[in-house]
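This report refers to the structure that appears directly beneath it.
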Amino acid sequence: MIKRATMLLLLFARPAGAQQLEPQVATTLLVMIQAAGAQCQAGNLQACGHAQQLQQAGGQLAQAQFACQQGNQQACQAFQLGAQQVFAAYQQHVAASAGSAPYVQQPGFGGPGYSQDQMTYDHQRRMREMERNSRIQQGNAAADSARRDREHQRFMEQLRR
């Protein structure tokens with residue numbers, strides 16, 4: 001069986017400094033990876049390959065999301081398209097396995113898809129958080145710089161004596 005920790009590592013693999021994969025996308029991928037893993041465990045070799053493909057898709061989506069957060073509009077389009085494909089595949093999975101896999105419909109799953117409005121809202125929320133963190137870091141750096149300037153001035157005054 002594909003271990004959950006391994007799945008999460010592969011699913012959330014991203015460049016240093018990147019934010020986590022969108023929760024709705026990550027949850028959806030994880031549910032499908034778990035379902036494919038269970039089928040793989042039962043001897044379905046095609047499901048084993050599907051689980052690996054889903055893990056690779058998660059890594060690619062995380063990279064596209066990171067590039068999008070850095071301002072790459074093509075990456076934003078790729079992420080949005082990829083997220084929509086993940087949700088479409090999930091809906092097909094749910095329809096195909098209705099009643100056969102009770103864990104498919106997890107509580108808290110956000111719903112039918114990842115709309116442009118939701119993506120915009122989540123992006124704006126992350127950007128506000130990043131800006132707030134940046135202001136805090138700048139304030140801390142300014143305070144640290146001022147402290148060092150005072151210490152340097154005291155040191156210079158001691159040398160002049």
Side-chain angles (χ1 to χ4, degrees), residues 1-38 50-91 93 103-161:
M1 180 175 184
I2 299 172
K3 294 182 180 176
R4 184 177 171 97
T6 303
M7 286 190 294
L8 291 174
L9 285 175
L10 293 172
L11 183 60
F12 298 111
R14 60 193 184 275
Q19 298 293 317
Q20 279 188 333
L21 189 58
E22 290 291 345
Q24 290 178 320
V25 176
T27 299
T28 303
L29 277 170
L30 186 58
V31 167
M32 290 192 306
I33 290 169
Q34 288 174 334
H50 190 241
Q52 290 177 341
Q53 290 172 345
L54 288 169
Q55 290 171 344
Q56 290 171 351
Q60 291 170 348
L61 282 172
Q63 289 175 353
Q65 177 183 303
F66 178 71
C68 177
Q69 291 168 347
Q70 302 305 309
N72 182 331
Q73 290 305 309
Q74 287 178 322
C76 293
Q77 292 171 350
F79 176 76
Q80 182 181 3
L81 179 62
Q84 289 170 352
Q85 290 172 345
V86 165
F87 291 120
Y90 176 80
Q91 292 303 323
H93 172 71
Y103 58 84
V104 169
Q105 300 244 358
Q106 284 189 345
F109 173 67
Y114 198 58
S115 70
Q116 178 67 36
D117 291 340
Q118 183 65 45
M119 183 176 171
T120 300
Y121 171 80
D122 289 346
H123 177 73
Q124 290 172 345
R125 179 180 42 84
R126 277 193 314 279
M127 295 312 296
R128 283 191 304 271
E129 185 177 319
M130 289 169 63
E131 288 171 5
R132 181 182 63 81
N133 290 341
S134 178
R135 282 192 303 273
I136 289 170
Q137 288 175 348
Q138 287 174 348
N140 290 344
D144 192 41
S145 179
R147 180 186 54 78
R148 288 183 182 167
D149 285 345
R150 287 189 305 272
E151 289 173 1
H152 179 71
Q153 285 295 346
R154 279 188 287 236
F155 175 74
M156 294 303 288
E157 288 172 12
Q158 287 177 352
L159 289 179
R160 289 184 193 133
R161 291 182 193 166

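Heads up: numbering here begins at 1 and tracks the sequence. Keep in mind it's a predicted model, so treat the numbers as computed, not measured. What's counted below: heavy atoms across the whole structure, side chains too, no hydrogens, waters or symmetry copies.
- When all heavy atoms of L61 and F79 are compared, the pair lying nearest together is O-CD1, 3.5 Å.
- Rounding to the nearest 0.5 Å places CZ of R132 at 8.5 Å from CZ of R135.
- In terms of heavy-atom proximity, A75 sits nearest to C68 at CB-N, 3.6 Å.
- With values rounded to the nearest 0.5 angstrom, R128 atom CZ is found 11.0 Å from R126 atom CZ.
- Between the side chain of Q65 and the backbone N or O of E22, at least one donor-acceptor pair lies under 3.5 Å.
- The shortest non-hydrogen separation linking A89 to M32 is C-SD, 3.8 Å.
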**Derivation and outcome, side chain to side chain contact (heavy atoms under 4.5 Å, CB included), residues V25 and Y90** = CA-CA 10 Å; V25 176; Y90 176 80; over 6 Å; no
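- For the side-chain contact (heavy atoms from CB on, under 4.5 Å) with L54, the qualifying choice from T28, L30, L29, V86 is L29, the only one to do so.
- Between the CD atom of Q60 and the CG atom of L21 there is a distance of 12.0 Å, given to the nearest 0.5 Å.
- R148 CZ: 12 or fewer foreign heavy atoms inside a 6.0 Å radius.
- Between the CD atom in Q138 and the OG atom in S145 there is a gap of 12.5 Å [rounded to 0.5 Å].
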**Request:** Before giving the answer on side chain to side chain contact (heavy atoms under 4.5 Å, CB included), spell out for F66 and Q70 the whole-Å C-alpha distance, their side-chain angles and the decisive distance to 0.1 Å.
**Result:** CA-CA 6 Å; F66 178 71; Q70 302 305 309; 3.6 Å; yes
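- Around CD of E151, the count of heavy atoms belonging to other residues, nucleotides or ligands within 6.0 Å exceeds 12.
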